[in-house]
Undergrad: 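The structure that follows is given in the form of structure tokens.
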Amino acid sequence: FRFVQRLWRQVGDALGHLPACSSEMPSAFSATALKLRRSAHKAVAAVSEDIEQFRFNRAVAQIYTLSNEISGFRVSLPDEAWALREACEFLVQLINPMMPHLAEELWQALGHRDMLVKQAWPKSDPALLSHGLLTLAVQVNGKKRATIDVGADALEDHVREVALNHPNVLKALEGKAPRKVIVVPKRIVNVVI
């Protein structure tokens with residue numbers, strides 16, 4: 001019930017910042033708009049795969065993640081408003097199999113005249129899925145202390161350096177030198193004191 005209320009508020013709050021539903025995609029996006037677009041397209045790809053594999057709990061978790069991204073997004077430029085519209089529309093389309101009545105109401109609120117059920121399932125842009133950045137968790141003695149963003153092709157030494165220089169990791173080390181730093185490629189960094 002709380003999540004349904006949250007979705008209703010999120011879309012309602014966003015309406016004042018959104019361009020018309022038929023507006024053209026901007027030619028360039030700011031870093032914040034691009035980040036939201038990547039999150040939205042990742043959610044579409046993940047939810048699509050999860051529904052096909054009958055992993056409904058994971059699909060719902062992806063929808064929660066996208067909702068969190070939208071709730072923390074603030075619009076200050078026209079390209080950011082367009083990215084927010086795209087993300088809200090994807091969110092509404094993704095909840096449609098689980099909450100069709102709410103999805104139809106939100107779709108109409110977003111300014112669409114036709115019914116959502118007549119729309120094709122959203123497709124993710126492969127270019128936004130492989131953007132070259134990875135987010136890795138950093139653990140100190142088995143406890144997660146930070147997340148870092150590194151290039152997908154970053155060398156292990158660079159990943160180690162970025163992880164060890166993160167403020168939360170430095171605080172957890174308390175001035176001690178790590179005994180061991182284990183970098184699991186594209187997964188996690190473990191620091192042992």
Side-chain angles (χ1 to χ4, degrees), residues 3 6-7 9-11 13-15 17-53 55-98 103 106-107 110 112 116 119-138 144 146-155 158-159 162-163 166 168 183-189:
F3 187 61
R6 179 182 182 184
L7 291 173
R9 272 193 318 273
Q10 262 185 328
V11 173
D13 292 346
L15 288 175
H17 305 288
L18 302 181
C21 60
S22 59
S23 61
E24 288 189 32
M25 182 170 82
S27 57
F29 290 96
S30 66
T32 54
L34 201 54
K35 183 179 181 211
L36 180 64
R37 291 196 71 217
R38 285 186 176 128
S39 297
H41 283 262
K42 281 182 180 179
V44 168
V47 170
S48 300
E49 181 183 335
D50 289 338
I51 288 176
E52 287 174 9
Q53 300 295 321
R55 298 184 301 227
F56 301 116
N57 287 342
R58 284 177 58 174
V60 171
Q62 294 293 337
I63 291 169
Y64 270 90
T65 302
L66 177 57
S67 175
N68 289 338
E69 289 286 331
I70 291 170
S71 69
F73 192 76
R74 300 292 171 257
V75 174
S76 58
L77 299 169
D79 64 309
E80 293 172 355
W82 194 93
L84 181 59
R85 169 170 280 286
E86 180 185 46
C88 286
E89 288 182 356
F90 280 170
L91 179 66
V92 170
Q93 288 176 299
L94 294 177
I95 67 167
N96 191 34
M98 296 129 196
L106 293 174
W107 191 250
L110 286 168
H112 294 279
L116 177 57
Q119 297 298 311
W121 186 254
K123 300 236 183 282
S124 58
D125 183 353
L128 291 171
L129 297 179
S130 59
H131 62 283
L133 280 180
L134 293 174
T135 300
L136 305 176
V138 181
K144 182 179 171 184
T147 57
I148 57 171
D149 292 324
V150 294
D153 56 353
L155 298 174
H158 176 70
V159 173
V162 171
H166 192 283
N168 293 347
V183 177
V184 180
K186 299 183 181 182
R187 304 281 315 271
I188 194 167
V189 179

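Predicted, not measured: the structure shown is a model, and the values here were computed from it.
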Undergrad: Which residues satisfy the salt bridge (Lys or Arg N to Asp or Glu O under 4.0 Å) test with E86, sequence neighbours excluded?
TA: R37
Undergrad: Walk me through whether I95 and L106 qualify under side-chain contact (heavy atoms from CB on, under 4.5 Å).
TA: CA-CA 10 Å; I95 67 167; L106 293 174; 4.2 Å; yes
Undergrad: Check side-chain hydrogen bond (donor to acceptor under 3.5 Å, both in side chains) between T135 and all other residues, then give those that pass, not counting sequence neighbours.
TA: D149
Undergrad: For A33, enumerate each residue passing the side-chain contact (heavy atoms from CB on, under 4.5 Å) test, keeping only those at least two apart in sequence or located in another chain.
TA: F29, S30, D79, E80, A83
Undergrad: Can you name the nearest heavy-atom pair linking L116 to A103, along with the distance?
TA: CD2-CB, 3.7 Å
Undergrad: Rounded to the nearest 0.5 Å, how far does OG1 of T65 lie from CZ of R58?
TA: 11.5 Å
Undergrad: Please name all residues satisfying salt bridge (Lys or Arg N to Asp or Glu O under 4.0 Å) with E89, sequence neighbours left out, ordered by chain then number.
TA: R85
Undergrad: Going by the rule side-chain contact (heavy atoms from CB on, under 4.5 Å), which residues pair with F3 if we only count those two or more places apart in sequence or in a different chain?
TA: R6, L7, I63, Y64, S67, M99
Undergrad: Do you know the tightest heavy-atom contact between L84 and A14?
TA: CD2-CB, 4.0 Å
Undergrad: Not counting sequence neighbours, which residues clear salt bridge (Lys or Arg N to Asp or Glu O under 4.0 Å) with R55? List them please.
TA: E49, D50
Undergrad: For D13, give me all partners under side-chain hydrogen bond (donor to acceptor under 3.5 Å, both in side chains), at least two apart in sequence or on another chain.
TA: none
Undergrad: Taking only residues two or more places apart in sequence or in another chain, which ones pass side-chain contact (heavy atoms from CB on, under 4.5 Å) with S23?
TA: P19, W82
Undergrad: If I compare all heavy atoms of A59 with all of M98, which pair ends up nearest, and what's the gap?
TA: CB-CE, 4.1 Å
Undergrad: Residues two or more places apart in sequence or in another chain: which of them pass ring-ring contact (aromatic ring centres under 6.0 Å, His included) with F73?
TA: none
Undergrad: Return the NE2 to CG distance between H41 and L66, rounded to the nearest 0.5 Å.
TA: 10.5 Å
Undergrad: H112: what forms a ring-ring contact (aromatic ring centres under 6.0 Å, His included) with it, not counting sequence neighbours?
TA: W107
Undergrad: Please identify each residue that fulfils side-chain contact (heavy atoms from CB on, under 4.5 Å) with A61, with sequence neighbours left out.
TA: none
Undergrad: Got a sec, which residues hit side-chain hydrogen bond (donor to acceptor under 3.5 Å, both in side chains) with S48, two or more places apart in sequence or on another chain?
TA: W121
Undergrad: Are any non-hydrogen side-chain atoms of Q62 and L94 less than 4.5 angstrom apart?
TA: no
Undergrad: Start with the C-alpha distance between L110 and C21, add both sets of side-chain angles, then the distance that settles side-chain contact (heavy atoms from CB on, under 4.5 Å), and finish with yes or no.
TA: CA-CA 7 Å; L110 286 168; C21 60; over 6 Å; no
